[in-house]
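Keep in mind the model is a prediction, meaning the values are calculated, not measured. Throughout, a chain's letter reflects where its sequence line sits, starting with A, and its residues are numbered from 1.
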2 protein chains.
Amino acid sequence: MSEKKRRAGVSTDGPASSSKKPRPSAAASYAESLRSKLRPDASILATLRSLASASTSTTSSSSKSKAAAKSLADHDPSADPAPSYIVVADQDSASVTSRINRLVLAAARSILSGRGFSFAVPSRAASNQVYLPDLDRIVLVRRESARPFANVATARKATVTARVLSLVHAVLRRGIHVTKRDLFYTDVKLFGDQSQSDAVLDDVSCMLGCTRSSLHVVASEKGVVVGRLVFADDGDRIDCTRMGVGGKAIPPNIDRVSGIESDALFILLVEKDAAFMRLAEDRFYNRFPCIILTAKGQPDVATRLFLRRLKVELKLPVLALVDSDPYGLKILSVYMCGSKNMSYDSANLTTPDIKWLGVRPSDLDKYRVPEQCRLPMTDHDIKVGKELLEEDFVKQNQGWVKELETMLRTRQKAEIQALSSFGFQYLTEVYLPLKLQQQDWI
Amino acid sequence: MSEKKRRAGVSTDGPASSSKKPRPSAAASYAESLRSKLRPDASILATLRSLASASTSTTSSSSKSKAAAKSLADHDPSADPAPSYIVVADQDSASVTSRINRLVLAAARSILSGRGFSFAVPSRAASNQVYLPDLDRIVLVRRESARPFANVATARKATVTARVLSLVHAVLRRGIHVTKRDLFYTDVKLFGDQSQSDAVLDDVSCMLGCTRSSLHVVASEKGVVVGRLVFADDGDRIDCTRMGVGGKAIPPNIDRVSGIESDALFILLVEKDAAFMRLAEDRFYNRFPCIILTAKGQPDVATRLFLRRLKVELKLPVLALVDSDPYGLKILSVYMCGSKNMSYDSANLTTPDIKWLGVRPSDLDKYRVPEQCRLPMTDHDIKVGKELLEEDFVKQNQGWVKELETMLRTRQKAEIQALSSFGFQYLTEVYLPLKLQQQDWI
């Protein structure tokens, strides 16, 4: 460990300065001036400890959303005529199976009583999706439409729904996990193309009030994690301080994750794998105890579920390191309040109160990111940025609004890697430590 | 372990048969008939053992390519006026650094002698790339063009080349690894866009006769591995039988991988992560000792380097499980003889004599893959397929030619997951064991 500590320690020579003449020498010397601002790690760690302990008590919104999920988990949607909105919850196989049985029995009764065969399917239309400020999540208003078999318009879809229900039932019975693709291939002729079985799978999720992961249908994972974390993946104990530079692939099926333990002080959520690699190679988590994870761009379901589990169980503050562009913020929003097309599942996928550590638009000047490392925003960037300003989750955080306005005013964006212009290890040796020291997150 | 063994064992109830009426019941019963053909695992394992021991002695081509790399590693290309072709090799930091120094000194001398400043850059044009049957690899013919600074056409590129050389020098001096993106960001103004720094980086690789990984510039990894493998990632001991379902992310920097040990009998190379997940969840490697890895589609450099390392050090047979379409074969070709745009690096990236286990076009009928799970080939598929028939690496394997002809004749393709139509675990419980038992690979 000590050997690693050293490796993670601040190196004394300038960040690749010798290789950067003439312009970068200025940058390098500036980096040095910032480096001199750094207090001893001990004092920064003290700050982080107080932060961590504070966070343990004040995970209000996350516990709130947990509560929300719970309350809906307890009652059976199909029994309730019209609750205000749908938030599906994690369910064990037994309860999902019994919910399927109930649905099928209801259908059977309806047939026998001559009323024919029909499913009541909640609408997942965008118009039906709302952001609940108190829950700080996008949810689905409960508005169900009938999907009768005895109707040319819906006969096919009703059949597909029945088929998907039976397949999910079979998967649960075997106690295995499958991908959407596997599901599709069990009956290509019926499903036609995967988008159809996928869509119905989401319907089924809403109908049963279960998360897709409790249906044991998993998305392929692309996330990785390293740092001060120990957990069991399908019974195997994983020590994420012992996962080298490559890190541990985040398991696709969250319900096989257990025994989460950590002595970390915070969770560092990284947008890009390049930054992740830098942090992993420098063993950043040995200098500042943390859990580092990334979904390598757009967050996938597995990574979002994993982050939420960590947040809920460890109650650690989550600090996000993303690009300073509208997409960095959009990615943050997906982690925090879910993506539109899976809104119904948002309670179980979202991690509220993530702090925006950087790279923030104000950092570009504050940390003197060289002009040539900033990129002009495209018209599309600006359009997305303006849309974000209208989003409720942004509006309710004045700090974010200011940053976004700065971005749109300067019309400049920058990637995390732009910091490489101060030396390849500037991110881990100067920028992040300084951020942590100054508690510079919003 | 025993508990896992059981999990990996053949389950007795039909593959989700109860959930598949009417058509699939036929499929399920067919699956059962195949299942009955299975000999006891012990006898299959005996077959595999003999295969493994055989492979240990006959890794001719791989050792050949190693030799080739070696022989070129030993002599310094820049010293040699015109060897027939370029195959760059892994070099340690010290030797790369000294090669850079030599290049720069040569440039300096040339300036002082009034001949001006110029680099000799090997051409990486497609026209310059040839397939060497004896090496079974694509390589680069040595044809150098001058890149003088005193020429408007090349002044910029010469500057970029000098800059990249100095950056690589700095990275090596610090003993760290960076991504292409990091390199780009150290001087955005000069490089303009990343494609330019990337291209020059490849030039530098050829100029120095070093692999890109020995320049410590790594690509972001996306591969994962599980199974009977133990190795050290940056000093951390990784036991891949203890990596749960998620598996271990393959490290981006192969030179940090060491201490490779295994009691596996073969390496199972999987195209898709869905199939990987099935194999990992069923702990297939506990029933048939093997190492299972995937690059989740198009093979990335890190995964190709990792597979090669395993093959060279463990001398195990490599069996490939890919989709039955032209891309499955194309992916196989990338693992086996490299991709065109990195041909110069092929010696260090390629793993010769990979066996095509399946899913092969002939399997579709042999294993009665239902019509609805086969997909019609698009015109583009057919075009790609025909092109493959012209490729030397296909031509020299009659079995492959036959299969490809079958594909083009039937105009049908199928994904690995198509086997799910016989039950979600058909792949691990019937198809693969039977393939291994019958040594059905080419």
Side-chain angles (χ1 to χ4, degrees), chain A residues 4 11 16 18-20 24 166-167 169-171 173-174 176-179 181-182 184-189 218 220-222 224 232-238 242-253 256 273-274 277-278 281-282 296 371-373 375 415 417-421 424-425, chain B residues 4 11 16 18-20 24 166-167 169-171 173-174 176-179 181-182 184-190 218 220-222 224 232-238 242-253 256 273-274 277-278 281-282 296 371-373 375 415 417-418 420-421 424-425:
Chain A
K4 281 178 200 157
S11 106
S18 76
S19 73
K20 303 156 122 239
S166 74
L167 288 172
H169 191 275
V171 168
R173 194 167 51 76
R174 300 203 107 200
I176 60 173
H177 297 72
V178 299
T179 63
R181 195 79 179 145
D182 290 318
F184 164 66
Y185 265 110
T186 53
D187 203 338
V188 174
K189 187 150 263 160
V218 299
S220 71
E221 98 283 5
K222 62 191 182 95
V224 282
D233 177 354
D234 195 27
D236 295 333
R237 186 172 176 286
I238 309 292
R242 295 265 173 276
M243 286 296 129
V245 176
K248 171 70 175 78
I250 291 174
N253 28 18
R256 295 236 159 150
D273 44 353
M277 198 203 78
R278 171 86 280 116
E281 185 170 64
D282 293 355
K296 300 178 180 176
E371 277 302 323
Q372 72 271 17
C373 296
L375 306 168
E415 297 184 18
Q417 282 106 313
L419 300 167
S420 297
S421 54
F424 294 117
Q425 288 170 296
Chain B
K4 280 177 200 158
S11 110
S18 75
S19 74
K20 304 155 121 233
S166 74
L167 288 172
H169 191 276
V171 168
R173 195 167 51 74
R174 302 204 106 200
I176 60 172
H177 297 74
V178 299
T179 64
R181 194 82 180 143
D182 289 320
F184 164 66
Y185 265 111
T186 53
D187 204 337
V188 174
K189 185 151 263 155
L190 172 61
V218 298
S220 71
E221 98 284 5
K222 62 190 181 94
V224 281
D233 177 353
D234 195 28
D236 294 333
R237 186 171 176 286
I238 310 292
R242 295 264 172 278
M243 287 295 131
V245 176
K248 172 71 175 78
I250 291 173
N253 27 20
R256 295 236 158 149
D273 44 352
M277 197 202 78
R278 172 86 279 118
E281 185 169 65
D282 293 356
K296 300 177 180 177
E371 277 302 322
Q372 71 271 17
C373 296
L375 307 167
E415 298 185 17
Q417 282 105 312
S420 297
S421 53
F424 294 117
Q425 289 171 295

> Roughly how far apart are B/K296 NZ and A/K222 NZ, rounded to 0.5 Å?
Replying inline: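 B/K296 atom NZ to A/K222 atom NZ measures 9.0 Å (nearest 0.5 Å).
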>> For A/P252 versus B/G246, what's the shortest heavy-atom pair and its separation?
In response: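 Distance-wise, the nearest heavy atoms are CD-CA, 4.0 Å.
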> Where do A/V171 and B/F424 come nearest, in terms of heavy atoms and distance?
Replying inline: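 Heavy atoms of A/V171 and B/F424 come nearest at CG2-CE1, 3.2 Å.
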> Counting distance only, does the side-chain N/O of B/D236 pair as donor-acceptor with the main-chain N or O of A/G244 below 3.5 Å?
Replying inline: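 Yes, B/D236 side chain to A/G244 backbone: donor-acceptor pair under 3.5 Å.
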> Side chain of A/R278, backbone of B/H177: donor and acceptor closer than 3.5 Å?
Replying inline: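 Looks like yes, one N/O pair under 3.5 Å.
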>> Using side-chain heavy atoms (C-beta onward) and a distance below 4.5 Å, is B/I176 in contact with A/E281?
In response: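 Of all side-chain heavy-atom pairs linking A/E281 with B/I176, at least one is under 4.5 Å.
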> Who passes salt bridge (Lys or Arg N to Asp or Glu O under 4.0 Å) against A/D233, sequence neighbours left out?
Replying inline: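 In terms of salt bridge (Lys or Arg N to Asp or Glu O under 4.0 Å), with neighbours along the sequence ignored, A/D233 is linked to A/K248.
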Which portion of [X] sits near chain A, non-hydrogen atoms under 4.5 angstrom:
X: B/V178; result: both
X: B/I238; result: side chain
X: B/N253; result: side chain

>> Does any backbone or side-chain atom of A/L375 lie under 4.5 Å from a heavy atom of chain B? Answer side chain, backbone, both or neither.
In response: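 Side chain only.
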